[in-house]
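First up is the structure itself, then whatever we jot down about it.
Small disclaimer: the values here were computed from a predicted structure and weren't measured. Scope of the values below: all heavy atoms of this structure, side chains included, with no hydrogens, waters or symmetry mates. All residue numbers in this chain count up from 1 along the given sequence.
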Amino acid sequence: DTDRSRGLGDVYKRQIVYGSPCSGKSTWVEKVATKDDLILDIDKIWECISVCDKYHKPSRLKANVFGIRDAILDQIRTRTGQWLNAYVIGGYPLAMDRKRLADSLGAEQVFIDTDKDTCLGRCVNDEWKRFVNDWWDMYQA
C-alpha cells in the first residue's frame, strides 16, 4: 500500500507480530520500528492505565484495556493518522484468529519463533509459565 493522498509518498505496512508470551515480540518491534510508527502492545496498555507492571493484569480493568485495544485496531483498519507502519503485538495462538485479524487490517503476519523452553526460562513467575504453557497448548501453525 502507499499513502499518496496524504502526500507522504511512503510505502507503509501493517504487521501482526505474534508468538508465545516471553518470546521477544516487543523486543523485535522495538528494533525495527521508527518514531513515526504506531505500535499496539496490549501489555503496555495494561501498564499505562494502572499502577501495575506488565505481569499483573487486574480483571476489573479488562473492559477498559480491550476497549482501548479495539479503538487502536479501528484506527489501523481505517488508516487514521499519519503513521508510517503499524505493529500489532499479541499472542494470537489460533490460526483462524490471526487470519481474521490480518484480513481485517490488511496486515502481514510475523511469527516470533522462540522455542518453548527459552520462553519458559524468561518467565518472571509461575503465573507466566502457565501463560506460556497454555499458549503452546493452543498454538496452531
Side-chain angles (χ1 to χ4, degrees), residues 1-6 8-141:
D1 291 340
T2 61
D3 192 9
R4 304 228 182 261
S5 64
R6 294 185 193 270
L8 296 174
D10 295 308
V11 174
Y12 66 91
K13 62 187 168 205
R14 299 172 178 132
Q15 294 185 320
I16 298 167
V17 181
Y18 74 98
S20 169
C22 302
S23 63
K25 300 177 296 293
S26 297
T27 301
W28 183 85
V29 170
E30 288 169 7
K31 288 180 183 175
V32 300
T34 72
K35 66 178 181 58
D36 294 320
D37 294 338
L38 179 64
I39 300 169
L40 172 53
D41 184 339
I42 199 155
D43 287 340
K44 291 186 179 178
I45 295 172
W46 282 100
E47 287 179 280
C48 82
I49 68 164
S50 73
V51 297
C52 302
D53 65 27
K54 70 179 183 177
Y55 300 108
H56 184 75
K57 297 175 169 129
S59 61
R60 289 179 184 250
L61 300 179
K62 279 184 182 177
N64 306 96
V65 168
F66 295 140
I68 293 167
R69 177 205 59 194
D70 292 346
I72 297 171
L73 284 172
D74 190 53
Q75 291 178 18
I76 295 169
R77 191 175 294 108
T78 59
R79 191 67 173 93
T80 302
Q82 296 186 10
W83 46 268
L84 294 181
N85 302 298
Y87 299 92
V88 178
I89 302 169
Y92 304 108
L94 302 178
M96 178 178 52
D97 291 344
R98 290 191 306 270
K99 181 176 180 352
R100 185 179 307 122
L101 182 59
D103 289 348
S104 81
L105 298 178
E108 63 185 83
Q109 299 177 35
V110 177
F111 178 47
I112 303 302
D113 189 9
T114 305
D115 65 87
K116 182 179 179 179
D117 289 336
T118 301
C119 295
L120 286 169
R122 293 176 178 167
C123 290
V124 296
N125 59 41
D126 288 339
E127 182 179 18
W128 275 82
K129 287 182 182 180
R130 184 171 45 84
F131 293 152
V132 169
N133 284 317
D134 289 350
W135 188 90
W136 283 99
D137 288 344
M138 291 189 300
Y139 175 61
Q140 300 169 336

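The side chain to side chain contact (heavy atoms under 4.5 Å, CB included) search around Asp37 returns Ala33, Thr34, Leu84, Asn85, Tyr87, not counting sequence neighbours. Partners of Arg122 by side chain to side chain contact (heavy atoms under 4.5 Å, CB included), not counting sequence neighbours, listed by chain and number: Cys22, Thr114, Thr118. For Glu30, the salt bridge (Lys or Arg N to Asp or Glu O under 4.0 Å) test picks out Lys44, with sequence neighbours left out.
Across Gly24 and Ile112, no two heavy atoms sit closer than the pair C-CG2, 4.1 Å. Here the shortest heavy-atom pairing between Trp128 and Pro21 reads CZ3-CB, 3.7 Å. Between Tyr18 and Lys25, the shortest heavy-atom distance links the atoms C-CD, 3.5 Å.
Atom CZ of Arg69 is separated from atom CG of Asn64 by 12.5 Å, given to the nearest 0.5 angstrom. Atom CZ of residue Phe111 and atom OG of residue Ser20 lie 8.0 Å apart, to the nearest 0.5 angstrom. To the nearest 0.5 Å, atom SG of residue Cys119 and atom CH2 of residue Trp136 are 6.0 Å apart. Rounding to the nearest 0.5 angstrom, the gap separating the CD1 atom in Ile49 from the CD1 atom in Ile68 is 4.5 Å.
Between Ile89 and Ile42 the shortest side-chain heavy-atom distance does not fall below 4.5 Å. In this structure, Val17 and Gln109 have side chains that are not in contact, with every pair of non-hydrogen atoms separated by 4.5 Å or more. Annotation: side chain of Asp41 is not in contact with side chain of Val29 (no heavy-atom distance under 4.5 Å). Put simply, the side chain of Leu101 reaches to within 4.5 Å of the side chain of Tyr92, judged on heavy atoms. Taking 4.5 Å as the limit, every side-chain heavy atom of Ile16 sits out of range of all side-chain heavy atoms of Val110. Between Trp46 and Leu61, the closest side-chain pair of non-hydrogen atoms falls below 4.5 Å. Put simply, the side chain of Val88 does not reach to within 4.5 Å of the side chain of Gln15, judged on heavy atoms. Side-chain atoms of Asp126 and Arg130, non-hydrogen and from C-beta on, never get closer than 4.5 Å to each other.
Using a cut-off of 4.0 Å between Lys/Arg side-chain N and Asp/Glu carboxylate O, Asp74 and Arg77 are scored as salt-bridged.
Of the possible donor and acceptor atoms, none in the side chain of Arg14 sits under 3.5 Å from a partner among the backbone N and O of Glu108. In this structure a side-chain-to-backbone donor-acceptor pair under 3.5 Å is present from Arg98 to Gln140.
Checked against the 6.0 Å centroid threshold, Tyr139 and Trp135 count as a close aromatic pair.
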Side chain to side chain contact (heavy atoms under 4.5 Å, CB included) evaluation trace for Lys129 with Asn125: CA-CA 7 Å; Lys129 287 182 182 180; Asn125 59 41; over 6 Å; no
Evaluate Asn133 against Lys116 for side chain to side chain contact (heavy atoms under 4.5 Å, CB included), listing each step before the verdict. CA-CA 8 Å; Asn133 284 317; Lys116 182 179 179 179; 2.8 Å; yes
